[in-house]
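Contents: one structure, followed by commentary.
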Amino acid sequence: MTHYALTQSVAIATDLEAKGFLGTVGKIAAATVIFFIAIGLIVGLIIGYFIGRSVGRRQSTGG
């Protein structure tokens, strides 16, 4: 009986450790995805700003 309880304790501890590790990996992955989305939005705004300025200049000088 003692051996069974010890084995179950080790199995539960290993399971909890694995879940904690996967949770950490998931948080890191989510943070990485959010980081790249934020960078993409910033770069898109900058590119859109410059494209808008160049198109605006062409329209104002052409009219």
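The figures here come from the full heavy-atom set of this structure, side chains too, leaving out hydrogens, waters and symmetry mates.
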_If hydrophobic residues (ILVMFWY) are linked whenever their side-chain heavy atoms come closer than 4.5 Å, directly or via other members, who joins Ile46 in its cluster?_
Ile42, Tyr49, Phe50

*Are Ile47 and Ile39 connected in the hydrophobic side-chain network, where two residues link if heavy atoms are under 4.5 Å apart?*
yes

*Are Val33 and Val25 connected, step by step, through hydrophobic side chains (Ile, Leu, Val, Met, Phe, Trp, Tyr) whose heavy atoms are closer than 4.5 Å?*
no

